[in-house]
Amino acid sequence: MEQPMSQAIENRAGPLAMWTSSYYSWVLRKSFINPHIGKVRNMLQKVRQQWKDLVEAQLASYAKEVVGEEIASTLVPLAVQTPPKPELGDIAFPLFAYAKALKVAPPKIAADLKTRIEGLADRPAGELLLAGPYLNVKADIAALAADLSAEIHEKGDAFGSNTNRAGTKVMIEFSCPNTNKPLHLGHMRNDSLGESVSAILKANGADVRKVNLVNNRGVHICKSMLAYQKFGNGETPESSGIKGDHLVGKYYVRFAQWEKEDPTATEQAQAMLKKWEEGDPEVLALWNTMNTWTLDGLAESYRKMGVSFDAYYYESNTYKLGKDEVLKGLEKGVFYREADGSVWIDLAEIKLDRKVLLRKDGTSLYMTQDLGTAVARHNDWPFDSLIYVVASEQNYHFKVLFYVLEKLGYSWAKNLHHLSYGMVNLPDGKMKSREGTVVDADDLVDQLTSLAADEIRAKERESEVGDVDATAHAIALAALNYYLLQVSPTKDMVFNPAESISFNGNTGPYLQYMGARISSMLRKYAEMETGYASVPFDPALLDLEDERELIKSLAAYPEAVAKAGAEYDPSIITAYLYDLSRLFSRWYHDNQILKAGTPALVKARVELSAMVLQVLRNAFALVGIPYLPTM
RNA sequence: GCGCUCGUAGCUCAGCUGGAUAGAGCGCCGGACUUCGAAUCCGUAGGUCGCAGGUUCGAAUCCUGCCGGGCGCACCA
């Protein structure tokens with residue numbers, strides 16, 4: 001049966017489109033959350049906790065008074081929430097849940113608690129507000145701002161980082177390209193996720209090792225080799241001026257054409273694979289040459305995309321691995337052998353059928369290789385956990401892989417995680433190589449870079465920006481990474497080319513622009529007459545509603561980092577960034593900073609702006625947005 | 001068929017360990033640049049949160065069923 005190119009064997013970035021996560025990965029994700037999370041509290045959480053403890057204690061004694069006996073232990077724990085609108089306060093305690101037990105209407109409970117707490121001599125700074133069935137607290141933001149300022153100055157680039165995963169070694173596998181064609185949009189989501197999650201885990205204290213598993217062998221690789229042999233006429237990247245990966249990709253496509261004319265094409269490719277496995281010098285030489293072309297091309301693409309790895313693994317070295325593991329399992333009795341010699345595992349325990357682990361001729365399969373590769377990697381670098389960034393169509397594969405490793409008795413098997421992500425579709429549907437709708441990674445970056453350069457020229461900012469190309473490239477990366485990371489990983493997403501090239505609205509360049517504006521303003525401040533150095537920072541002056549919101553948002557950044565780390569989800573950071581930027585943008589638009597009324601006010605607002613810039617930069621680093629002082 | 005997964009405004013997405021009128025961006029319409037960068041800001045219109053039940057004082061959020069989309073169910077990778 002004819003196999004369309006789009007369904008040909010694909011690498012781990014998935015076919016041209018990729019999919020979505022499963023209950024399984026959810027379970028793993030949950031179980032994988034580091035137990036230390038929760039011990040580290042940021043300032044905002046501290047304030048919330050203080051108030052919660054206080055309100056909870058008062059609620060208990062109030063309940064005792066009303067009911068006439070001790071019932072605190074029967075009450076549901078107090079919920080802490082954030083009011084939907086700033087004017088309602090900063091912390092909210094809904095009291096619905098206590099109406100039944102106390103036989104008192106929630107608004108009255110709220111009012112009574114307010115009176116009690118206000119009667120206390122010793123209570124945290126802040127103001128209590130009544131809002132129907134809610135008891136709300138308007139926190140002491142000035143104190144928060146003072147703490148925040150001190151901490152951001154002290155920690156700088158490290159502000160927001162935590163030690164949740166300190167002392168743990170995390171290996172993360174991503175990208176995993178085939179060496180028969182260039183990178184496309186599907187890889188880009190994979191690469192963005194891999195890079196971002198790596199940065200996020202580092203910010204959570206982990207020792208991270210990024211690895212790439214290059215799929216450089218197999219019948220699909222032989223296809224491009226064969227087509228090149230037949231139609232290549234000795235063409236090289238140098239002679240043709242075509243980037244190596246694109247040149248090899250050209251022959252992969254050429255094979256597909258030829259295959260339609262010559263029904264023996266696939267057979268010939270298989271024969272070539274056999275020769276490769278036998279070590280045929282001529283085949284190996286061609287394989288080496290073409291692989292080098294592709295790998296050189298891919299290296300350039302990675303550089304262009306800001307992607308890098310600490311180690312490369314090649315399937316040509318690993319494809320035979322795993323056989324020993326399967327035989328070990330057979331001895332242990334966790335696997336069984338069929339009459340024909342093939343080895344299987346029974347998956348009834350995880351409510352699946354059964355899976356073959358070794359062919360009847362004793363050779364390895366995809367699963368076998370992955371078993372061996374995991375063990376080999378743990379020997380290379382004894383990780384505490386290993387994350388596979390692989391499209392969700394392989395959910396089943398990883399579910400089985402992790403189960404098998406656990407059955408083999410590896411203690412680290414329970415810390416394997418499949419970071420499963422959904423496919424990237426185009427507005428018209430899936431990308432299909434046959435229909436030429438594949439979005440090429442190099443083209444996309446180049447196109448975005450050139451559009452950004454046009455924009456810089458249109459705004460006549462060339463001289464201020466200096467290196468237009470470098471700046472345009474940084475803008476392109478921001479646009480791409482942000483676009484790809486703002487969607488929750490598990491979901492399929494639509495890549496709209498027209499939208500992706502927009503630099504306005506909820507985009508990476510918008511965020512960069514906020515950074516550039518603050519940076520520009522701070523440069524002006526530095527040039528202003530001296531004298532501000534002696535003006536003390538008075539956080540009490542930051543009492544506008546927008547300022548309170550900004551301060552709370554800044555204080556919430558460490559929480560976002562911890563959550564993104566616990567859930568392997570960069571979209572938490574992108575959402576945070578947009579929220580912070582929008583707050584800043586509005587405040588900046590409505591208020592003067594450098595020309596504020598008094599030196600003390602200038603100082604306070606400059607300080608707030610500087611804090612925003614620092615946090616923006618820290619968050620940028622986690623989601624692949626280059627910081628630009630000017631753009 | 002079985003399994004997994006997704007279904008929120010015209011489009012792209014947030015919100016989902018249950019809570020106060022469901023939020024953004026794009027697009028539409030209308031405002032704001034002699035003033036710290038307008039790649040900006042503000043406003044109007046636009047929603048039976050796929051449908052139906054259930055649990056609950058309270059459901060976009062949890063449970064069940066159904067409908068619709070995607071993916072997977074190879075001795076391929």
### Query
Could you give the CG-to-P distance, from A:N496 to B:rG10, as a whole number of Å?
17 Å
### Query
Using atom P of each nucleotide, how far apart are B:rC49 and B:rU5 to the nearest Å?
24 Å
### Message
So, does A:K491 get its side chain near the phosphate of B:rA14, meaning an N or O under 4.0 Å from OP1 or OP2?
### Response
yes
### Message
So, does A:S571 get its side chain near the phosphate of B:rC13, meaning an N or O under 4.0 Å from OP1 or OP2?
### Response
no
### Task
Flag the pair A:Y578 / A:Y482 as yes when their ring centroid distance falls below 6.0 Å, and as no otherwise.
no
### Message
Considering every strand and a 4.0 Å limit on heavy-atom distances, what is the contact class for A:N216: base, sugar-phosphate, or nothing?
### Response
nothing
### Query
Roughly how far, to the nearest 0.5 Å, is CG of A:D579 from CG of A:N506?
10.5 Å
### Message
The side chain of A:L365 is closest to which nucleotide in this list: B:rA20, B:rG72, B:rA77?
### Response
B:rA77
#### Entry: Out of B:rC41, B:rC75, B:rA20, whichever nucleotide has its closest atom nearest the side chain of A:W344
B:rC75
### Query
With a 4.0 Å cut-off on heavy atoms, is A:I221 in touch with a base, just the backbone sugar-phosphate, or nothing at all?
nothing
### Task
Would you kindly say whether A:N504 and A:S502 are connected by a side-chain donor-acceptor distance under 3.5 Å?
no
### Task
Fit a plane to each ring of A:F398 and A:Y388, take the angle between them on a 0 to 90° scale, and name the class: parallel (under 30°), tilted (30 to 60°) or perpendicular (over 60°).
tilted
### Cation-aromatic face contact A:R189/A:Y421, 6.0 Å, 45 degrees
no
### Summary
In this structure, CG of A:L357 is separated from CD1 of A:I345 (nearest 0.5 Å) by 6.0 Å
### Message
Over all strands shown, is A:A131 touching base, sugar-phosphate only, or nothing at heavy-atom distances under 4.0 angstrom?
### Response
base
#### Entry: Stepwise side-chain contact (heavy atoms from CB on, under 4.5 Å) test for A:F255 and A:E259
CA-CA 6 Å; A:F255 179 89; A:E259 193 178 29; 3.7 Å; yes
### Query
Which value, in whole Å, describes the distance between the P atoms of nucleotides B:rU34 and B:rC29?
24 Å
#### Entry: Spacing of the P atoms in B:rG47 and B:rC41 (rounded, Å)
25 Å
### Query
Nearest to the side chain of A:A97, which nucleotide is it out of B:rA77, B:rA14, B:rC57?
B:rC57
### Task
Just need the stems in RNA chain B: three or more back-to-back Watson-Crick or G-U pairs, each with both distances under 3.5 angstrom, sorted by first number.
B:1-7 with B:67-73, B:10-13 with B:23-26, B:29-32 with B:40-43, B:50-54 with B:62-66
Under 3.5 Å, N/O pairs linking protein and nucleotides 25-29 of chain B:
residue : atom : partner : partner atom : Å
B:rG25  : O2'  : A:N506  : N            : 3.2

### Side-chain donor-acceptor contact under 3.5 Å, A:S609 with A:Y525
no
### Message
Would you measure the distance from the C1' atom in B:rA60 across to the matching atom in B:rA52 and give it in whole Å?
### Response
16 Å
#### Entry: Proximity to the side chain of A:M514 - top-ranked nucleotide from B:rG70, B:rC75, B:rU40
B:rU40
## Note on the structure
side chain to side chain contact (heavy atoms under 4.5 Å, CB included) filter on A:A516, not counting sequence neighbours, yields A:M631
### Query
Is the side chain of A:N216 donor-acceptor paired with the backbone N or O of A:Y314 at a distance under 3.5 Å, no angle test?
no
### Query
Mind checking the P distance from B:rG30 to B:rG69? Whole angstroms is fine.
40 Å
### Task
Dump the intermediate steps for salt bridge (charged side-chain N to carboxylate O under 4.0 Å, His left out) on A:K360 and A:E338, then the final yes or no.
CA-CA 8 Å; A:K360 62 185 168 207; A:E338 281 287 336; over 6 Å; no
### Task
Output every pair passing salt bridge (Lys or Arg N to Asp or Glu O under 4.0 Å) with a member in residues 80-97 of chain A, not counting sequence neighbours, ordered by first then second residue.
A:D90-A:R548, A:D90-A:K552
### Message
For the P atoms, the ones on B:rU61 and on B:rG53, what distance do you get once it is rounded to whole angstrom?
### Response
14 Å
### Query
Hey, is the side chain of A:D370 pairing donor to acceptor with the base of B:rA77 inside 3.5 Å?
no
### Task
Specify whether A:W287 and A:W276 have parallel, tilted or perpendicular ring planes, treating 30° as the upper limit for parallel and 60° as the lower limit for perpendicular.
perpendicular
### Message
Looking at A:K52, I'd like to know if its NZ atom is crowded, meaning that more than 12 non-hydrogen atoms belonging to other residues, nucleotides or ligands lie closer than 6.0 Å.
### Response
yes
### Query
Can you tell me how far the CH2 atom of A:W587 sits from the CG atom of A:L608, to the nearest 0.5 Å?
4.5 Å
### P-based separation of B:rC11 from B:rG50 [nearest Å]
14 Å
### Query
When rounded to the nearest Å, what value does the distance between P atoms of B:rU44 and B:rG15 take?
25 Å
### Query
Does B:rC33 fall in syn (glycosidic angle within 90° of 0) or anti?
syn
### Query
A:R359 side chain: which of B:rC75, B:rA39, B:rA14 is closest?
B:rC75
### Query
For A:Y421 and B:rC6, is the shortest distance between a side-chain N/O and OP1 or OP2 below 4.0 Å?
no
### Query
Base, backbone or nothing for each nucleotide of nucleotides 30-38 of chain B, written B, S, -, heavy atoms under 4.0 angstrom, 5' to 3'?
-----SBBS
### Message
I need the residues from residues 75-86 of chain A with at least one non-hydrogen atom less than 4.0 Å from RNA chain B; give them sorted by number, or say none.
### Response
A:Q81, A:P83, A:P84, A:K85
### Summary
When rounded to whole Å, the NZ to C1' distance for the pair A:K563 and B:rA14 reads 11 Å
### Message
Is the distance from the ring center of A:F495 to that of A:Y483 below 6.0 Å?
### Response
yes
### Message
By the 4.0 Å heavy-atom rule, please label A:L352 as base, sugar-phosphate, or nothing.
### Response
nothing
### Query
Of the candidate nucleotides B:rA39, B:rU40, B:rC75, which contains the atom at the shortest distance from the side chain of A:S585?
B:rU40
